[in-house]
Structures are given as C-alpha cells and as structure tokens.
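Before any comments, here is the structure.
The structure displayed is predicted, hence computed values, not measured ones. Order of listing sets the numbers, starting from 1, for every ligand and every atom in it.
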Amino acid sequence: MAFLTAEKLVKEYKRRGKVFRAVDDIDLQIGSGEFVMIEGESGSGKTTLLNLLTGLTDPTSGSVSIEGKDLKDLDDKGISGIRNEKIKYIPQGESLLSSLTVKENILFPFVIGGAARPSDERLLEVAEKLGISDLLDEYPSDLSGGEMRRATIARAVINRPSLIIADEPTGSLDSVNTSKVMDIFKTIAEEGTAVIVVTHQKETLRYASRVLSMEKGKLREVS
Ligand SMILES: Nc1ncnc2c1ncn2[C@@H]1O[C@H](COP(=O)(O)OP(=O)(O)O)[C@@H](O)[C@H]1O
Ligand SMILES: [Mg+2]
C-alpha cells in the first residue's frame, strides 16, 4: 500500500466570478522512501496541491488517504496527530519562533508534541549536514534568510518522519546550500521517509527518484 494516495483530487477557486481549477483531477501515489519532485511554474497549483495532501485545505472533490485512512474521516485531532508524528510540512517562507534559539526551535515540536526527543547526537548530525552547527544557540533574528531556512529544514527532518513535504525549500538558497538541503532529503528518503519537494528550479530535479510536472492544475509524470 502506498503511504499517500490522492484520487481524482480537485480544488476549485473563483476569480472574477469565474470558477477555475487550481488542482484539476489529480491522481497520485507515493510510497515510503520515494523522493518525488514536482516542478511547475508559478501559479500552476503546486502549493494548493501540497495543502490538499496535508489536509490543510479541503478538496472540492476527490480524496487524500494516508496509510489507507481517508483524511475526510479524521477529525481535527486525528489530522493533527498525523501531522505531529508522521508528516512534516515545510511551507514557503519562514516559520521559526523568534523567542527561541535555533536549537530550541528544532526541538520545540518534541516539547509540545510529546514524542521522544531526538538525541544530542542526532541534533548535531543534522545541524552539521545542513551547516548550522555553529548557530544552535543563536536567535532567528541574528540569522540570514538561508540560515533560517536550513534551521526549519533541520526541525522537519530530525525525527525521520514518514513523509516530508516541502514547498520550494531552496528558493532562497545559493547552490552550495541548495545541495546541502537536497542531500539531506536524499539521505532521509534512503532511510525510508517519503519526500515530496515542490520547486521551480529545474537544476534540483536530478536529486529526485521521480519527477512530476505541474501545469495549470494538471500533474504529469516526467521520469
Ligand atoms: N485561496 C485562494 N483563493 C483563490 N485563488 C487561489 C487561492 N490560492 C491559490 N489561488 C490561485 O490558484 C492558482 C494556483 O496557485 P498556487 O497553488 O499557489 O500555485 P503555485 O504554488 O504553483 O505558484 C493561482 O492562480 C492562484 O492565484
Ligand atoms: Mg507556491
């Protein structure tokens, strides 16, 4: 069974009184350990698709299941349970808490979520791979945009969730830091996590085990 299945997924929005499909009849299956990249131009529906896959947005029609459970059948508590434990969503933009250090930010989900706190060894391993080990005691306001981004990614990968979904995670990064981020996604995919990364940067596609392309709400398999 696929870890994540989307069937006939549709999301309609209205613009100037006219209905259009931001996501248009998408079927998708993603298994553990797959590293899927979805490329597509701005406005093609990538973020809308990710919001549907994580249950942040309800589809107009169609369904999303995680481990065979339809998200429709889960209440808010069930969905947040899945989100805390199994799925890490890295949205576009910054989401660090300004009053916490980098280290506290990375460990924060384990303080509030009740899941086992990762070891200091694992923290250091992830921080080193992402080039932020010297920044663990700093506050977000003292970091560059790219450093904040890498800290956000550290927080998502540290407990090896079942699925990581990232929306343009390397948009603000130079090529050296882009490869650090892509390498860590590749490693955790090899360790069994399913990874879905959305991008408009074609040069990052080579890291993926599977590439999909989105155009005007339609998704097509590229390789
Ligand atoms: N909440 C919304 N209400 C109306 N239209 C939206 C909403 N969110 C996105 N859209 C529109 O849906 C289309 C796809 O948007 P989006 O999924 O953000 O694309 P991408 O992430 O590929 O840039 C765009 O035309 C966008 O303007
Ligand atoms: Mg987007």
Side-chain angles (χ1 to χ4, degrees), residues 4-30 34-66 71-72 76 79-80 82-83 87-96 145-146 148-153 155-157 161 163-175 177-178 181-182 184-185 189 193-223:
L4 179 147
T5 303
E7 277 178 342
K8 298 188 182 313
L9 207 52
V10 173
K11 183 68 184 182
E12 292 179 341
Y13 289 125
K14 232 185 213 168
R15 177 161 295 149
R16 282 186 243 108
K18 255 181 82 181
V19 173
F20 73 99
R21 290 186 164 189
V23 163
D24 189 3
D25 198 19
I26 285 182
D27 289 303
L28 184 62
Q29 291 204 345
I30 295 182
E34 272 197 280
F35 183 177
V36 177
M37 288 189 72
I38 302 176
E39 60 103 12
E41 286 177 14
S42 177
S44 57
K46 306 184 297 298
T47 298
T48 305
L49 174 62
L50 296 189
N51 286 334
L52 293 169
L53 297 183
T54 51
L56 288 172
T57 304
D58 290 330
T60 305
S61 60
S63 66
V64 177
S65 321
I66 304 283
L71 293 186
K72 262 200 290 287
D76 283 351
I79 289 187
S80 9
I82 287 185
R83 253 193 237 119
I87 301 182
K88 296 285 167 170
Y89 185 25
I90 309 173
Q92 268 174 297
E94 301 313 332
S95 57
L96 298 178
M148 281 194 251
R149 190 102 279 262
R150 284 177 281 137
T152 308
I153 289 162
R155 181 175 60 190
V157 301
L163 173 65
I164 288 195
I165 296 188
D167 196 353
E168 313 237 10
T170 58
S172 58
L173 301 180
D174 60 29
S175 61
N177 287 311
T178 293
V181 168
M182 286 298 158
I184 204 158
F185 284 148
T193 295
V195 180
I196 306 175
V197 172
V198 148
T199 187
H200 64 267
Q201 299 165 292
K202 287 207 160 56
E203 64 277 15
T204 58
L205 298 177
R206 61 193 165 87
Y207 290 91
S209 59
R210 183 174 159 205
V211 177
L212 304 169
S213 175
M214 192 137 187
E215 197 178 332
K216 292 187 184 144
K218 293 271 188 198
L219 194 63
R220 130 187 109 74
E221 204 94 21
V222 175
S223 61

Among protein heavy atoms, which lies nearest [atom], and at what distance?
atom: atom 16 (P) of ligand 1; answer: T48 OG1, 3.7 Å
atom: atom 19 (O) of ligand 1; answer: G45 N, 3.2 Å
atom: atom 18 (O) of ligand 1; answer: T47 CB, 3.7 Å
atom: atom 20 (P) of ligand 1; answer: G43 N, 3.4 Å
atom: atom 8 (N) of ligand 1; answer: Y13 CE1, 3.5 Å

Does the T193 side chain pair with the main chain of P161, one donor and one acceptor, at a distance under 3.5 Å?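 Pair found, side chain donor or acceptor close to backbone of P161.
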Under 3.5 Å: donor-acceptor pair, side chain of K46, backbone of I38: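 No; judged by distance alone, with no hydrogens or angles, the pair does not exist.
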For the Mg ion (ligand 2), what is the number of protein N, O or S atoms at a distance under 2.8 Å?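 Atoms of protein N, O or S type lying less than 2.8 Å from the Mg ion (ligand 2) total 1.
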Who pairs with [X] by side chain to side chain contact (heavy atoms under 4.5 Å, CB included), at least two apart in sequence or on another chain?
X: S95; answer: T152, R155
X: A208; answer: M37, V211
X: S172; answer: R149

Number the atoms of ligand 1 from 1 as they appear, then name those within less than 4.0 Å of a heavy atom of S42, with their elements. 23 (O)
I need the atoms of ligand 1 closer than 4.0 Å to a non-hydrogen atom of A22, numbered in the order shown.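 Answer for ligand 1: 12 (O).
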Approximate separation, where rounding is to 0.5 Å, of [X] [atom1] and [Y] [atom2]:
X: L163; Y: I196; atom1: CG; atom2: CD1; value: 5.0 Å
X: D24; Y: K216; atom1: CG; atom2: NZ; value: 11.5 Å
X: L212; Y: I30; atom1: CG; atom2: CD1; value: 7.0 Å

Quick one: closest heavy-atom pair of L53 and L71, and the distance?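 So the two residues come closest at O-CD1, 3.9 Å.
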With under 30° as parallel and over 60° as perpendicular, where do the rings of F20 and Y13 fit, or are they tilted in between?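 If you compare the ring of F20 with that of Y13, the planes turn out tilted.
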Could you verify whether a donor N or O on one side chain and an acceptor N or O on the other, from E39 and S213, lie under 3.5 Å apart? yes
Below 3.5 Å, N or O to N or O, backbone or side chain included: is there any such pair between F20 and ligand 1? no
To which of K46, R15, E215 does the heavy atom nearest atom 25 (O) of ligand 1 belong?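 Nearest option to atom 25 (O) of ligand 1, by heavy atoms: R15.
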E41 near ligand 1 by a heavy-atom separation under 4.0 Å: yes
